[in-house]
**Student:** 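Here it is, the structure in full.
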Amino acid sequence: ICIGLLISSCGNDELHDRASITGDTSHDEQAESRQITFSPDIRIGAPAAGTGSNVGALRYSLEDGEKIGLFGIPYTEGVSEATGMSDITDIPGFHFFNQPLTYNQADGTLSPDDRLLFMPKDNNMLMYAYYPYNSDGITYNEEYGWVLPWSIDVHDLEATPDYMCPSMPVYVYNVNTPVSFGQFNHLFGAVIFNIYTNDSEIAASAKATEMILRGAFYEEGLISLADGRVIMTDDKPTPKFNIEIPLDANIQQTSSSEDAEPTLAYILSPGSYFASNTKIRITYNNRIYTFNMDSEDQIEVEAGTIINYNFYLRRAGTRSTDTTQLIIESNTTTQDWNESNQ
């Protein structure tokens, strides 16, 4: 009775807010709805985690207190995808919209922030999820349906979220089993710079002092909740950028780029790239060396792919014609960021 009186006193906006959390508020939840619970088994696609500096943005698991966003619609004939619905609140049995779930590491649970969630007693649901939760939330786009807007700041690349979502929605029909979302896939790409040497004397004496990044990037776009597709709202990347990043990094000693720990790592939207005139500056024996990436090393960022830019340092030969003491060899390798990792 109290709930009914509350609803009748709400304006349209208040009713929408209430419905987005509690579901069809014209019904008694306990009698006509079923409670939904969630499995904490969140799988994130990733190869082995890096341990270098500035790699915190590359996600390999959820941390305590982090949130994912949910978008739930009834699974009924003619309404089975997160597209073609400009006013989802008009759908019979609609239950929640951009609902946050918080991960609790201590007890390994995923819990709704506001209150328990229910689904209509006689309906099944399609449930869409994404990471990280955005309180400004989901909007409707006439061309792409329900989408999550995204943006990045090229001058603060470490702040770029690792946008993820499952490859398809979860079909929920049995609330006696906790909802499991399957693997969350990385929707952007990652670029990692590995600076290493096989020479113990270089490792002991040389330092990376600056990275100069040059390239082009997509600044904003949309993520389709129906299939996790990253949509660019610009026809082409913004003009080339030039970012100078001071470093104070030792040169790690290893014989292989596969064993090197990342010196720098950033997340970029698909279609972005670092240009071949990206530079690294090294100090060695009181000299400053500036090295460019090889011209063939410009590779476009792809969704779910890590690009490794490998800088291998070695001393020059002892021939009298050598004018430098240190030379660098560079190459790129790629790996699937969405390889299954529990």
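If you're wondering where the values come from, they're calculated on a predicted model, not measured in any experiment.
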**Student:** So, for L268 and V301, which heavy atoms are closest and what is the spacing to 0.1 Å?
**Tutor:**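 Taking L268 first and V301 second, the nearest heavy atoms are O-CG1, 3.7 Å.
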**Student:** Decide whether K67 and T102 meet the rule of one side-chain donor and one side-chain acceptor closer than 3.5 Å.
**Tutor:**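 Short answer, yes.
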**Student:** Rounded to the nearest 0.5 Å, what separation is found between the CG atom of N141 and the CG atom of L225?
**Tutor:**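 Reported to 0.5 Å precision, the distance equals 11.5 Å.
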**Student:** Answer yes or no: is there a donor N or O on one side and an acceptor on the other, between the side chain of E66 and the main chain of Y103, under 3.5 Å?
**Tutor:**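 The answer is no, because no donor-acceptor pair under 3.5 Å joins these two groups.
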**Student:** Would you mind reporting whether D64 and N104 have side-chain heavy atoms less than 4.5 Å apart?
**Tutor:**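 Result yes, sub-4.5 Å side-chain heavy-atom pair found.
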**Student:** Could you tell me if the side chain of P100 sits less than 4.5 Å from the side chain of I68, heavy atoms only?
**Tutor:**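 They are not in side-chain contact.
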**Student:** Does the side chain of L70 come within less than 4.5 Å of L117's, by heavy atoms?
**Tutor:**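 Yes, at least one pair of side-chain atoms sits under 4.5 Å.
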**Student:** State, with a plain yes or no, whether a side-chain heavy atom of W337 is found less than 4.5 Å away from one of D162.
**Tutor:**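 SC-SC contact between W337 and D162 confirmed.
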**Student:** Only one of I327, I280, T197, N198 passes side-chain contact (heavy atoms from CB on, under 4.5 Å) with L313; say which it is.
**Tutor:**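 Testing each of I327, I280, T197, N198 against L313, the sole residue satisfying side-chain contact (heavy atoms from CB on, under 4.5 Å) is T197.
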**Student:** May I ask you to list the residues sharing a hydrophobic cluster with I212, side-chain cutoff 4.5 Å, ordered by chain and number?
**Tutor:**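 Traced through the cluster, I212 reaches no other member.
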**Student:** Just so I know, are the side chains of T305 and D336 near enough to count as touching, which here means a heavy-atom distance under 4.5 Å?
**Tutor:**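 No; the side chains remain at least 4.5 Å from each other.
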**Student:** Looking at T334 and I306, would you say the former's side chain and the latter's main chain have a donor-acceptor pair under 3.5 Å?
**Tutor:**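 Between the backbone of I306 and the side chain of T334 there is no qualifying donor-acceptor contact (under 3.5 Å).
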**Student:** Please name the pair of heavy atoms, one in P112 and one in L101, separated by the smallest distance, quoted to 0.1 Å.
**Tutor:**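 Nearest heavy atoms, P112 then L101: N-CD2, 3.3 Å.
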**Student:** Taking atom CD of E261 and atom CD1 of I192, what is their separation to the nearest 0.5 Å?
**Tutor:**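 Those atoms lie 11.5 Å apart.
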**Student:** To check you understand the geometry: which heavy-atom pair defines the closest contact between S224 and I231, and what is its length?
**Tutor:**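 Taking every non-hydrogen atom into account, CB-CD1, 4.1 Å.
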**Student:** Is the F188 to Y218 ring centre distance short of 6.0 Å?
**Tutor:**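 No, too far apart.
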**Student:** Answer yes or no: is there a side-chain heavy-atom contact under 4.5 Å between Y284 and I251?
**Tutor:**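 Counting from C-beta outward, Y284 and I251 never come under 4.5 Å.
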**Student:** Hey, is CD on E258 packed in by over 12 heavy atoms from elsewhere, all under 6.0 Å?
**Tutor:**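 Result for CD/E258: open.
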**Student:** If you round to the nearest 0.5 Å, how far is CD1 of I152 from CD of E219?
**Tutor:**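 Answer rounded to 0.5 Å: 7.5 Å.
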**Student:** So, Q183 versus N185: side-chain donor-acceptor pair below 3.5 Å or not?
**Tutor:**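 The answer is yes; a qualifying pair exists.
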**Student:** Do Y196 and Y312 have ring centroids that are under 6.0 Å from one another?
**Tutor:**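 Centroid distance Y312-Y196: below 6.0 Å, so yes.
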**Student:** If we only count heavy atoms from C-beta on, is the L213 to I245 side-chain gap below 4.5 Å?
**Tutor:**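 Heavy-atom side-chain distance check passes, below 4.5 Å.
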**Student:** Under the side-chain hydrogen bond (donor to acceptor under 3.5 Å, both in side chains) definition, can you give me all pairs with a residue in residues 205-217, not counting sequence neighbours?
**Tutor:**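 Matches after skipping sequence neighbours: E201-S205, K207-D248, K207-N250, E210-R281, R214-N242.
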**Student:** Is a side-chain donor or acceptor of T109 paired with a backbone partner of S111 at a separation under 3.5 angstrom?
**Tutor:**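 No.
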**Student:** Using the ring of each side chain (for Trp, its six-membered ring), is F311 parallel, tilted or perpendicular to F193, with breaks at 30° and 60°?
**Tutor:**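 Geometry flag for F193 against F311: parallel rings.
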**Student:** Indicate the atoms forming the closest heavy-atom contact of A129 with C165, along with that distance.
**Tutor:**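 Scanning both residues completely, I find the closest heavy atoms to be O-CB, 3.1 Å.
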**Student:** Look up atom CD1 in I223 and atom OG in S269, then write down how far apart they are to the nearest 0.5 Å.
**Tutor:**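 I223 CD1 to S269 OG: 10.0 Å, rounded to 0.5 Å.
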**Student:** Between R314 and E329, is the side chain to side chain contact (heavy atoms under 4.5 Å, CB included) condition met? List the steps.
**Tutor:** CA-CA 8 Å; R314 63 181 177 87; E329 299 170 1; 2.6 Å; yes
**Student:** Decide yes or no on side chain to side chain contact (heavy atoms under 4.5 Å, CB included) for V172 and L126, but give the supporting numbers first.
**Tutor:** CA-CA 6 Å; V172 182; L126 284 181; over 6 Å; no
**Student:** Of the options M232, E300, R229, which is the one that meets P270 in a side-chain contact (heavy atoms from CB on, under 4.5 Å)?
**Tutor:**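 The side-chain contact (heavy atoms from CB on, under 4.5 Å) with P270 is passed solely by M232 among M232, E300, R229.
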**Student:** I307 and Y273: same hydrophobic cluster, using ILVMFWY side-chain contacts below 4.5 Å?
**Tutor:**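 No, I307 does not connect to Y273 through the hydrophobic network.
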**Student:** What orientation do F291 and Y289 show, parallel under 30°, tilted 30 to 60°, or perpendicular over 60°?
**Tutor:**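 F291 and Y289: parallel rings.
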**Student:** Over all heavy atoms of both residues, which pair between P161 and I267 is shortest? Give the atoms and the distance, please.
**Tutor:**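 Looking at all heavy atoms of both residues, the shortest contact is O-CG2, 4.0 Å.
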**Student:** For the pair N338 (side chain) and H186 (backbone), establish whether a donor and an acceptor sit closer than 3.5 Å, ignoring hydrogens and angles.
**Tutor:**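 Checking the backbone N and O of H186 against the side chain of N338, a donor-acceptor pair under 3.5 Å is found.
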**Student:** For D199, is there an ion pair with R315 - N to carboxylate O distance below 4.0 angstrom?
**Tutor:**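 Looking at D199 together with R315, the answer is yes, because their closest N to O distance falls below 4.0 Å.
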**Student:** Taking atom CG of L222 and atom OH of Y144, what is their separation to the nearest 0.5 Å?
**Tutor:**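 Here the rounded value is 7.5 Å.
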**Student:** Does a donor on one side chain and an acceptor on the other come within less than 3.5 Å for Y130 and N98?
**Tutor:**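 Yes - a donor-acceptor pair under 3.5 Å links their side chains.
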**Student:** Looking at Q99 and Y133, what are the two nearest heavy atoms and their distance?
**Tutor:**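 Looking at all heavy atoms of both residues, the shortest contact is C-CE1, 4.3 Å.
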**Student:** So, N308 side chain and N310 main chain: donor-acceptor pair closer than 3.5 Å or not?
**Tutor:**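 Side chain of N308 to backbone of N310: no pair is present.
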**Student:** Would Y171 and Y173 count as a close aromatic pair, with their ring centres under 6.0 Å?
**Tutor:**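 Close enough - the centres of the two rings lie under 6.0 Å apart.
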**Student:** Considering only heavy atoms from C-beta outward, does the side chain of I202 approach that of L326 to under 4.5 Å?
**Tutor:**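 With C-beta onward as the side chain, the pair touches.
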**Student:** How long is the gap from CG on L264 to CG on L157, to the nearest 0.5 Å?
**Tutor:**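 With rounding to 0.5 Å, CG (L264) is 10.0 Å from CG (L157).
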